[in-house]
Amino acid sequence: MDKQVVLGIDIGGTNTVYGLINSEGEVIHYESIPTRGSEPILDLIGRLDSRVRKAISVHSEIEGLLGIGIGAPNGNHFLGKIQDPPNLSWGNVDVVSLFNERFNCRVALTNDANAAALGEKHFGIAKDMNDFVVITLGTGLGSGIFCGGRLLYGHDGFAGEMGHICIDDQGRLCNCGNKGCLEAYASAGGIKRTIKKLLSENPESSFLKRLDGEKVDGLLLDSEFDNGNEIAKEIYTYTGTKLGQGLAQVATLLSPEAFIFYGGFSNAGHRILDPAKKSMDRHLINNHADKIKLLPSGLPQGQAGILGAASLIWNT
């Protein structure tokens with residue numbers, strides 16, 4: 001077994017996950033730390049440096065750090081920069097150079113959804129697929145696209161912004177400034193807005209009041225759905241239906257073998273994917289209907305991003 005490891009890093013708006021990963025895709029060390037996105041990025045790099053050095057010293061089987069792969073919101077693979085990431089105050093930052101200076105090894109960057117797609121391709125359920133889309137259902141909706149066996153970057157590195165395709169040009173205002181983006185409906189943020197809308201229509205609902213907090217309690221929503229709560233069913237049916245509209249647009253263009261769902265509200269599983277599949281099939285032309293699979297991630301929760309980021313080094 002190769003005694004060198006790659007540091008895979010998945011930078012999020014709230015937390016950053018990192019792991020030491022060998023050539024077989026084994027995660028030797030794994031941890032999550034606060035990102036502290038209001039602080040300069042050097043704060044995060046410094047904390048990662050000390051923790052990684054300590055982890056390597058504890059694992060005597062590790063002989064060296066081969067490189068670092070990073071997945072981050074608005075990470076540009078071509079430029080090596082994180083460009084005005086949402087929920088982070090860093091502006092445009094040359095993250096590849098900064099990590100290279102600190103760790104003195106090869107560094108590669110992609111965006112967080114692309115990292116999850118790479119993880120599924122190299123270590124998850126998409127090993128034998130050439131055409132698939134990984135969708136991250138977190139605060140927003142991200143997507144990483146494999147087409148013809150290759151990750152799709154586009155000419156500027158920003159292909160795959162599925163969260164910002166329009167499903168209703170008179171719909172909800174999105175954080176990007178446009179109206180009716182898929183992300184405004186099918187994401188944790190979108191579900192939160194759906195809950196607020198339903199609460200305005202049903203102000204006496206104790207269930208909706210319990211859900212209407214800073215963060216939507218997905219476990220509570222799942223539990224009430226399973227217990228037959230009609231409002232919980234309405235939330236997931238509405239969200240899944242909107243998601244399906246977006247899936248149909250992408251499927252019509254790309255004809256993927258599968259959409260693979262990872263993170264956050266993808267843990268709702270069939271509760272959200274069943275209405276999404278029904279809606280997608282309804283909006284597809286006939287010869288596509290029923291052929292495209294909607295699948296949960298095949299990787300451990302929280303690890304698709306770091307595995308995919310590590311593959312930027314191991315598989316190039």
Side-chain angles (χ1 to χ4, degrees), residues 12-15 73 86-87 113 135-143 161-251 259-284 294-297 301-302:
T14 303
N15 295 308
N87 305 316
I135 294 174
T136 58
L137 290 178
T139 303
L141 186 152
S143 57
E161 289 290 345
M162 182 175 163
H164 297 286
I165 61 175
C166 181
I167 59 170
D168 181 357
D169 62 7
Q170 298 300 313
R172 294 175 180 174
L173 181 65
C174 181
N175 291 332
C176 74
N178 291 327
K179 284 189 175 182
C181 290
L182 179 61
E183 180 175 285
Y185 300 88
S187 64
I191 289 174
K192 187 174 179 178
R193 293 172 71 171
T194 298
I195 290 167
K196 286 187 177 297
K197 179 177 182 296
L198 289 173
L199 185 58
S200 70
E201 298 168 356
N202 303 273
E204 303 304 316
S205 171
S206 59
F207 170 58
L208 286 171
K209 288 177 182 177
R210 288 172 68 194
L211 284 177
D212 185 34
E214 185 64 29
K215 183 179 179 182
V216 178
D217 187 339
L219 292 176
L220 173 62
L221 190 54
D222 290 352
S223 175
E224 288 297 312
F225 179 100
D226 294 342
N227 289 332
N229 185 311
E230 292 301 322
I231 295 177
K233 289 182 179 180
E234 182 178 355
I235 292 169
Y236 273 141
T237 298
Y238 179 79
T239 304
T241 299
K242 292 294 187 183
L243 175 59
Q245 289 178 244
L247 297 179
Q249 290 187 37
V250 174
F259 289 100
I260 301 169
F261 295 85
Y262 172 76
F265 271 92
S266 67
N267 294 322
H270 69 91
R271 303 173 187 88
I272 197 168
L273 296 186
D274 285 352
K277 181 72 164 70
K278 184 177 180 181
S279 174
M280 179 187 75
D281 287 350
R282 188 170 68 249
H283 289 93
L284 286 174
L294 273 54
L295 304 171
S297 170
Q301 183 66 26

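This structure is a prediction, so every number in the text was calculated from the model and none was measured. No hydrogens, no waters, no symmetry mates; every other heavy atom, side chains included, goes into these values.
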About how many Å separate CE of Met280 and CG of Leu294, when rounded to the nearest 0.5 Å? 5.0 Å

So, for Gly246 and Ile165, which heavy atoms are closest and what is the spacing to 0.1 Å? O-CD1, 3.6 Å

Ignoring hydrogens and geometry, is there a side-chain-to-backbone donor-acceptor pair from Ser143 to Met162 under 3.5 Å? yes

Mind checking whether Tyr185 and Leu141 have side chains closer than 4.5 Å, heavy atoms only? no

Polar contact flag, side-chain donor to acceptor under 3.5 angstrom, Thr194-Arg172: yes

Atom of Ser200, atom of Pro203 and distance for their closest heavy-atom approach: O-CD, 3.9 Å

Counting C-beta onward and ignoring hydrogens, is there a side-chain heavy-atom pair between Leu221 and Phe207 closer than 4.5 Å? yes

Checking Asn227 side chain against Asn229 main chain: does a donor-acceptor pair fall under 3.5 Å? no

Could you check whether any side-chain heavy atom of Glu230 comes within less than 4.5 Å of a side-chain heavy atom of Lys233, counting everything from C-beta outward? yes

Side chains of Leu295 and Phe261: closer than 4.5 Å at any heavy-atom pair? no

To check you understand the geometry: which heavy-atom pair defines the closest contact between Ala113 and Gly142, and what is its length? CB-C, 3.7 Å

Quick one: CG on Asn178 to SG on Cys166, what's the gap to the nearest 0.5 Å? 7.5 Å

Heavy atoms of Ile231 and Ser205 approach each other most closely as CD1-OG, 3.6 Å

Roughly how far, to the nearest 0.5 Å, is CD of Glu234 from CZ of Phe225? 12.0 Å

Just so I know, are the side chains of Lys242 and Ile167 near enough to count as touching, which here means a heavy-atom distance under 4.5 Å? yes

Any non-hydrogen side-chain atom of Asn267 less than 4.5 Å from a side-chain atom of Gln301? yes

Between Asp217 and Leu211 the two heavy atoms that sit nearest each other are O-CD2, 3.9 Å

Would you say Arg210 has more than 12 foreign heavy atoms packed within less than 6.0 Å of its CZ? no

Within the structure provided, determine whether Leu247 and Leu273 are in side-chain contact (heavy-atom separation under 4.5 Å). no

Counting only heavy atoms from other residues, nucleotides and ligands, does the tally under 6.0 Å from NZ of Lys209 exceed 12? yes

I'd like to know if the side chain of Asn202 reaches the main chain of Leu198, judged simply by a donor and an acceptor atom lying under 3.5 Å from each other, with no hydrogens or angles considered. yes

Atom of Glu214, atom of Lys192 and distance for their closest heavy-atom approach: O-NZ, 2.9 Å

Using modelled atom types only, decide if a donor and an acceptor are shared between the side chain of Thr241 and the backbone of Thr237 within a distance under 3.5 Å. yes

Can you tell me how far NZ of Lys197 sits from CD1 of Ile235, rounded to the nearest 0.5 angstrom? 11.5 Å

Do the side chains of Asp274 and Lys278 get close enough for a salt bridge, i.e. N-O under 4.0 angstrom? no

As an exercise, state the distance from OG1 of Thr239 to CD1 of Ile191, rounded to the nearest 0.5 Å. 4.5 Å

Please determine whether a side-chain nitrogen of the Lys or Arg among Arg271 and Asp222 lies less than 4.0 Å from a carboxylate oxygen of the Asp or Glu. yes

Taking 4.0 angstrom as the limit, do Lys179 and Asp168 come out as a salt bridge? no

So Ile135 and Tyr262, do their side chains get closer than 4.5 Å, heavy atoms only? no

Just verifying a value: how many Å separate Glu183 CD and Leu137 CG, rounded to the nearest 0.5 Å? 10.0 Å

